[in-house]
Structures are given as C-alpha cells and as structure tokens.
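Atom set for the values below is all heavy atoms of this structure, side chains included, hydrogens, waters and symmetry mates excluded. Chain identifiers are assigned alphabetically (A, B, ...) following the order of the sequence lines, protein sequences preceding nucleic acid strands; residue numbering begins at 1 within each chain.
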Number of protein chains: 2
Amino acid sequence: MLDRRSKQDGKVGSSVGPRFLQIANEIRDQIHRGDLTVHDILPSERSLSEQYGVSRMTGRRALEALETEGLVYNADRRGRFVSPKRLNYNVSNMVSFVTTAQASEVDLEIEVVETAESFADTRLASLLEQPEGCGVFEYTRLFHSGKHPIFIETEYLIAERFPGFLNRNLRQSTTQILEKSYNTLANTGDIVIRMRGVQAFEAQLLNIASSHTVIELEQVIRDDKGTPFCFGRQVWRGEMAEFSAHAIVSRQDQGKA
Amino acid sequence: MLDRRSKQDGKVGSSVGPRFLQIANEIRDQIHRGDLTVHDILPSERSLSEQYGVSRMTGRRALEALETEGLVYNADRRGRFVSPKRLNYNVSNMVSFVTTAQASEVDLEIEVVETAESFADTRLASLLEQPEGCGVFEYTRLFHSGKHPIFIETEYLIAERFPGFLNRNLRQSTTQILEKSYNTLANTGDIVIRMRGVQAFEAQLLNIASSHTVIELEQVIRDDKGTPFCFGRQVWRGEMAEFSAHAIVSRQDQGKA
DNA sequence: CCGTTCATCTGGTATATACCAGTATCAGGA
DNA sequence: TCCTGATACTGGTATATACCAGATGAACGG
C-alpha cells in the first residue's frame, strides 16, 4: 500500500531517523517560521497520517513529541494547539506574582476552586512552626491566562493570625490582602522546585493528559521577623513557565543540602 | 483469545480506569511496598503483557507512565529499572554542590566531556557584562552518581580573569578551584529554572529517550563586587533532582518579571 | 429564540503483528 | 586465554484496525 523504500530505511538522501521525528521536525519548522502561531490548531492525528502516508499512530507520536517539548498543547478531544510563550515567575520577588503579571501584558484570571478551614498535620505544623493540629485556612485557586490554565495553587495560612481571611475576595493577589489588611509582609521564603508526574485531579484542572509531568513549587513564606505564616504549593504546567531567582550565598547553609 | 468482559469495560468491581493505569498502579505499589527497590529491574514489556493478558503496547504504556512519573528509568534496550531517590540541589548554597553532595552520602563522579577556548557571542557577552567576542573558557562535564548520569553542566568563564584554568583538574569542584587558586568567591547568582524537551546529544549523555523532558538551570555567578565571572547551564534528568532556594524579597525587583 | 438531537469531528485506549537495533551471555574455535 | 559469533533477550518503530468518549456545530422542533 505504501511507497516507502523499506519498512525501516532511514539514511536515504535527505531525512534520517525515525519517521515520526521527521514529521515532528517539519511541524516544528512551520511553527518557528510562523506558518502556525500561538493557539493555532495543528493537523489532527488522522489528517497527519493521510498527509504523510503513515499510520495514525506515527502521526500521533510526532504530535506527542512536540507536546513533550512544550511547543504544543493538547486540549482533550478538541485537538492540539501551538503553545503560548512561557511566563516568567521570579521567586525572589514574592511581592505578588499576580501584581507583576498583571502589570505586564499578561492577563491573569483567578478561579477559586476550594476553600476550607482545617487543622495542620505533622508536616504542615512543622513547616509553619506551629503545634500539630493548629487551625489553618486552606484555599486552592486555579490561575488562567486567556482561558488557558497555567497553574494550581494551594495555600495554608495560620488561622488565628488572619481572622476572616476566607471571607475576603480571593480572586486577587493574596500578598496584597495580607499586606493591606493584616499588616503582614512576605519577607523571605524557603522554596523547593521539582518535576514530577501529574495527579489525576491536577490533570483535570490543568487540562492536560494524566501521563504528563508538571513542576511543583513549594514555599514557606516568612514575615520580617522570620516567622513563617504561610505554606504554599503550586503545580505548574511545565511548558508554561520558567522560574527565576536572585540568590545570595549564605555560607552557613553548607551542611544543609 | 482473551477473557475480558468486553473490549473496554472498566467499572467491573474493583479496578477502574484505563487498563494500563491499573497495571502501572500495581507496579507502583510494589515499589512503594519495597518488593522492588532502587535499581531493581522491572518486568519487560513482553513479560508484562503475558502476566496481565494484555498486548505488549498496553504493558508498555504502563511502564511509560511510571517513567514519566520519574519512578522508573529506562536504559536503552537493557530494560527498565527503579529510580534512585532525588538529590537536593540548594541553589542558594553556591558554595559547591559538589562539596555538599560529597559531604553527604552521595557519591558523585565527574566526567569531563569537552573543554574549549572560544569567544562570547552576543547573549553570553551580555550576561557576563563583557564586550562581544571576548575570550571564554568553556567546559562541559557529566555528573554521575553510582554509574547513573544525573546532569550535564556547561560553564563559561571569562578567560583573562582565570589564566590556565582549563589545564587544571576539572574532575573536582570548580568553585573550590576558583576560591583557592584565583581568590574568587561566588557570592550571588541570577538563576533561571525551566522544564523543556531534551536535545539529542543530551539524551545520549544522560541515557534517556529523546522524547523526555529535562530541567534546565542557567545561572550567572557574580563575585563579592557584583561582577559576573561565570555563566553556567545545567541539564538535569528531571526525576533525579529537586531544587531548593532561600529567597529574600527584594522589593526593587517588582518591575522586572 | 432556545434547547435537544444527531452526525461528525477530535483524541484515548486497546489488540495484533512485524521487523529493526542495541545488549548480554555463553558456547566454541583460534 | 581471548576473541568471535550465534542466540535470546531488551526496547524502538511502524502498520492496521477497532471501538470508546468528549467536543462541536448544524439541523430540527417546540
């Protein structure tokens, strides 16, 4: 049925390597040339397979390769689209990612997914330097940019320090709420960043396949006295962000790693 | 041939969802229970398919799912193995990742892949605050832990400031060389961390498939006067590390992101 | 005008098969 | 003893097919 040199040829003139990578390369070029731009829809698996005379699976692998590169995102059963450019999250600049983002060209929308009053478990209590079982306010928010989910954030605040916090409008920068209404300034933070597999509910909120990887950013936020008052966890679509920091070497830390 | 309730049943009693995820879950449990421990070999795609009565592709997807989670790594055509636990890289502690790692239980080996004297292009010159075309020493090293590649590091040093640098033994902490032989102390750094697709030569060095994602960490290192003297890029196997930092808020940064 | 229905897109899961290309081991020969 | 080659693994790439399930938009009916 197919007019290919052999089942697995390669090394014939121009293109080499796996067929699916050759196809991925052609599409990547189209994106870089600008034939396809941000949020444009890509050819479907089936149309790719016709266009290149390969099976659907091969077309699929080409598209999946572009997905893992972050060049393309996949909206479940609607098709694949060209990714927008990354957001930069400056973790040293704790004075509100929201404010900074909104000050630049980025339109950031916040959806409150869940709020709760609960009690700190062992780990959380230890991070917040509070007794186990102390009351905490807990809220989860989903951040969008132009209808596209970017990251999920869950924060835990020491309840007694911020009375009535959950009744406030959480669709804004919480750093500003803390600053204006509670006279609490984020001053330092201990941050951990790691790449990991996405969990089912996260995949759903972020609109990605359950086989993808995400970037998890956890931070303990302290006030000007060094007292922790907030623990936060962000789960980012990996291709949507880069994280920058300005570090000042503290030579006392040496034994810690 | 197969005794399954229907082509795509699910919802029959215990396990639900895609078959490949059910299988992945069972294997994940085995790892968490300790039936399989670090660097143990997992069942092959073919043996999984027999064991569970599924096609090879389904067994494969189960294993791939565990790979993207980082729980399992894949050594090209040798099989899949249980991943070791993550290393922690404290980016605030620039006083040598090597030294800190070697001080703890981690055995870290360094292989020098390439060294070169070259000239700074536009971007590099700008990062190092030097004129374009200035001389730089460039070296690429591969870091292993127990025969397993962890990350690739390429560093660029201002040549005239560190005469004879490339003749030194680079299989050790360069921070220490700089400190002891050139009286230069790493004091601050501007760091960017992002997740991205791996490039072919990186995939080969890191011993991962070319469809994987990695974490890229770039940093400009400055001395105590704030003068940049080194630019470095690290490419990590994403599942092998987590990055921690202690950030101090600098409110002047606000406009920068 | 609005809501329902339905055909038709999309990707998601799954099977079966085939052959390619590295890796590892072990038997046999120089 | 050491090298060679056969062999039996491993995953990698590819085809062909089937059906499921969510998304979408157009046609239809109230």
Scan residues 54-85 of chain B for pairs that pass ring pair (Phe, Tyr, Trp, His ring centres under 6.0 Å), counting only residues two or more places apart or in two chains. B:His39-B:Tyr73, B:Tyr73-B:Phe81, B:Tyr73-B:His148
Could you tell me the separation between the CD atom of B:Glu64 and the P atom of C:dT13, rounded to a whole number of Å? 12 Å
Quick one: on DNA chain D, does A:Arg61 or A:Arg77 contact a more 5' nucleotide (nearest heavy atom)? A:Arg61
OP1 or OP2 of C:dT13 under 4.0 Å from side-chain N/O of A:Arg60: no
Rounded to the nearest Å, what distance is computed from the CZ atom of residue A:Phe20 to the P atom of nucleotide D:dA14? 6 Å
Would you say the ring centroid of B:Tyr156 lies under 6.0 angstrom from that of B:Tyr139? no
Run through DNA chain D and report every stem of 3 or more consecutive Watson-Crick or G-U pairs, distances under 3.5 Å, ordered by first number. C:1-30 with D:1-30
Phosphate oxygens OP1/OP2 of D:dT10: is one of them under 4.0 Å from a side-chain N or O of B:Asn74? no
Can you tell me if B:Arg56 touches the phosphate of C:dT17, counting only side-chain N or O atoms and a distance under 4.0 Å to OP1 or OP2? no
Calculate the interatomic distance between A:Gln204 atom CD and D:dG22 atom P; express it in whole Å. 11 Å
How close or far is atom P of D:dT13 from atom CE of B:Met57, stated in whole angstroms? 10 Å
Between A:Arg80 and C:dG12, is there a side-chain N or O to OP1/OP2 distance below 4.0 Å? yes
Any donor and acceptor pair, going by atom type alone, linking the side chain of A:Arg141 with main-chain N or O of A:Gln172 inside 3.5 Å? yes
Identify which nucleotide among D:dG12, C:dT13, D:dA14 has an atom closest to any side-chain atom of A:Thr58, counting heavy atoms from C-beta outward. D:dA14
Mark yes or no for whether A:Arg237, through its side chain, and A:Ile150, through its backbone, hold a donor-acceptor pair below 3.5 Å. no
So which of residues 43-52 of chain B are in contact with DNA chain C, with a heavy-atom cut-off of under 4.0 Å? B:Arg46
